[in-house]
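Whatever order the structure lists them in is the order used to number ligands and atoms, beginning at 1. Index from 1, following the sequence. This structure is a prediction, so every number in the text was calculated from the model and none was measured.
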Amino acid sequence: MKNKTQELRALDSAHYIHPFTNTAALAKKGARIITRGEGVYIWDSEGHKIFDAMSGLWCVNVGYGREALARAAYRQLTELPFYNSFFQTANEPAIRLAKLLTEISPPKFKHVFFTGSGSESNDTIVRLVRHYWTCLGNPNKNVIISRWNGYHGSTMAGASLSGMKAMHEQGGLPIPDIEHIEQPYWFGVGRAANPTLTRDEFGVHAARWLEEKIVAIGPERVAAFIGEPVQGAGGVIIPPKTYWPEIQRICNKYGILLISDEVICGFGRTGNWWGCETMGFSPDLMAFAKGVTSGYVPLGGVMVSDKVADVVIRHGDFNHGYTYSGHPVACAVAIENINIIRGEALVTQIRDDSGVYLKAQFEALVDHPLVGEAEACGFMAGLVLVKSKSPLEMFDADLEAGMVCRAHCFDSGLIMRAVGDRMIIAPPLVTTRAQIDEMIALIRHCLDLTYADVKARGWL
Ligand code: PXG
């Protein structure tokens with residue numbers, strides 16, 4: 001087994017450029033090779049069992065090892081592995097999935113456009129939104145506003161919408177007519193901006209940054225606002241409950257489209273089918289991917305509300321599409337996956353049972369000396385590592401305390417992500433109460449190891 005791991009690591013270093021990775025640094029260390037998954041656990045090539053509290057990459061919602069999904073793929077692969085949806089053709093899984101998606105979406109969504117990923121969904125949205133306003137005779141209404149520290153993908157449009165400066169620095173981004181406003185991050189931004197505001201007052205305050213931006217640009221130029229109901233890759237930033245209703249009010253007032261990026265929040269993660277339902281807003285377009293197939297095969301798409309569909313469909317051709325739009329195998333797996341989520345009532349389970357339990361257990365971690373804040377929304381949760389709780393003092397960012405903690409998790413059989421000094425989880429929706437206990441105990445153990453480690457380094 002050791003030899004095989006060494007062989008794979010050598011081949012990996014020689015040939016494989018990993019996403020968002022310093023390839024030279026990884027080559028020195030060697031990648032961890034994941035070989036198998038079952039339920040909420042994965043195993044590496046050296047036989048270590050690991051609790052995957054990130055659901056792969058926010059996607060393996062029904063857990064690993066689902067026979068039914070493998071069978072759905074096999075059935076479709078043998079029957080019709082591929083056909084396109086371009087030249088007045090269609091396939092049964094894509095049609096049935098389109099119908100099924102409208103059943104689990106708010107009633108205003110009766111149409112879907114299929115893509116292969118979340119990034120492609122957001123690229124589709126940029127084109128669709130600009131095309132929509134052009135159809136209505138407003139070709140200059142093309143500016144799309146998003147947030148700093150939001151994440152919307154890594155294609156040219158996806159990375160442009162994303163508010164990650166390190167991504168913009170490579171490849172000449174953002175593309176024209178994308179603007180960013182500050183994120184509604186109470187702990188990191190709100191208290192610093194105005195310490196006299198309560199969390200809920202800050203929610204309204206942060207939404208007004210959108211209004212200021214619209215007024216500065218001119219409402220006649222602003223096409224849309226896009227955001228994740230809860231920011232995922234940015235560190236599980238849960239906005240104050242006042243934020244999204246105020247964003248909705250502002251979008252309505254200035255006549256701009258509201259877009260919910262549901263790539264992480266969709267398919268039950270927040271305790272409703274869609275994150276916008278949890279956060280109390282009603283978008284015109286929704287991007288999805290990941291959880292639609294629980295990551296078993298790539299699939300994404302855009303839910304299109306009647307308001308947008310009516311204009312675009314009436315206008316004629318929409319000159320956009322991907323080879324794999326409506327891929328029959330991906331759609332067959334998605335149908336089976338949605339049937340599992342429905343059949344096991346996972347969405348209500350997150351809302352009424354396991355999500356409530358996870359929130360209580362995770363937020364109790366705030367009693368740990370390293371934890372300045374811990375919060376959860378459904379099955380997404382994040383905590384902040386701090387140097388001192390009283391008075392509140394953060395670690396110097398250059399120390400990368402989060403990476404120290406992540407290394408202890410890695411060595412202790414727990415996948416927990418670090419985003420700066422925020423430690424985040426998004427476990428599979430099937431995680432049981434007993435497994436939540438196991439995960440919380442592991443997190444606590446890793447926080448203890450991190451505490452001892454940073455103390456020994458003289459960082460406290
Ligand atoms: N929107 C959101 C909200 C996402 O989280 C995308 C779009 C892009 O989807 P694709 O399928 O093109 O990757 C995502 C993806 C991280 C991480 O570090 C998060 C994502 C992807 C890679 C890394 O948390 N989310």
Closest non-hydrogen protein atom to atom 2 (C) of ligand 1, residue and atom name please, with distance? Tyr151 O, 3.3 Å
Considering non-hydrogen atoms of the protein only, which is the closest contact for atom 19 (C) of ligand 1, and what is the distance? Trp58 NE1, 3.5 Å
Are the aromatic rings of [X] and [Y] close, with centres under 6.0 Å apart?
X	Y	value
His320	Phe113	yes
Tyr41	Tyr64	no
Phe410	His408	no

Once you restrict to heavy atoms under 4.0 Å, what part of Phe20 touches ligand 1? Side chain, backbone, both or neither. neither
Logged contact type for Leu57 with ligand 1, heavy-atom cut-off 4.0 Å, is side chain
Could you list which atoms of ligand 1 come closer than 4.0 Å to a heavy atom of [X]?
X	answer
Val263	1 (N), 2 (C), 3 (C), 4 (C), 6 (C), 7 (C), 14 (C)
Ser119	8 (C), 9 (O), 10 (P), 12 (O)
Asn122	1 (N), 7 (C)
Ser117	11 (O), 12 (O)
Asp261	1 (N), 2 (C), 3 (C), 7 (C)
Ile264	5 (O)
Gly118	8 (C), 9 (O), 10 (P), 11 (O), 12 (O)
Glu228	3 (C)

Does [X] pair with [Y] as a salt bridge, N-O distance under 4.0 Å?
X	Y	value
Glu375	Arg199	yes
Arg147	Glu179	no
Glu211	Arg249	yes

Is Lys141 positioned over the aromatic face of Trp133, cation under 6.0 angstrom from the ring centre and no more than 45 degrees off axis? yes
If you measure from atom 16 (C) of ligand 1 to every heavy atom of Lys290, Met164, Arg417, His152, which option wins on shortest distance?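 The nearest heavy atom belongs to Arg417.
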Would you call Arg208 and Glu246 a side-chain contact if the rule is heavy atoms closer than 4.5 Å?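 In short, these two side chains touch, coming nearer than 4.5 Å.
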Could you give me the CA-CA distance, side-chain angles and deciding distance for Arg351 and Asn272, then say whether side-chain hydrogen bond (donor to acceptor under 3.5 Å, both in side chains) is met? CA-CA 7 Å; Arg351 192 190 63 201; Asn272 284 288; 4.6 Å; no
If you measure from each heavy atom of Met54 to ligand 1, is any distance below 4.0 Å?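 Heavy atoms of Met54 never come under 4.0 Å of ligand 1.
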If you measure every N or O of Glu120 against every N or O of ligand 1, does any of those distances drop under 3.5 Å?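 Looking only at distances, the answer is no, because the N/O contact criterion of under 3.5 Å is not met.
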Does the side chain of Thr115 pick up a donor-acceptor pair with the side chain of Ser121 at under 3.5 Å? yes
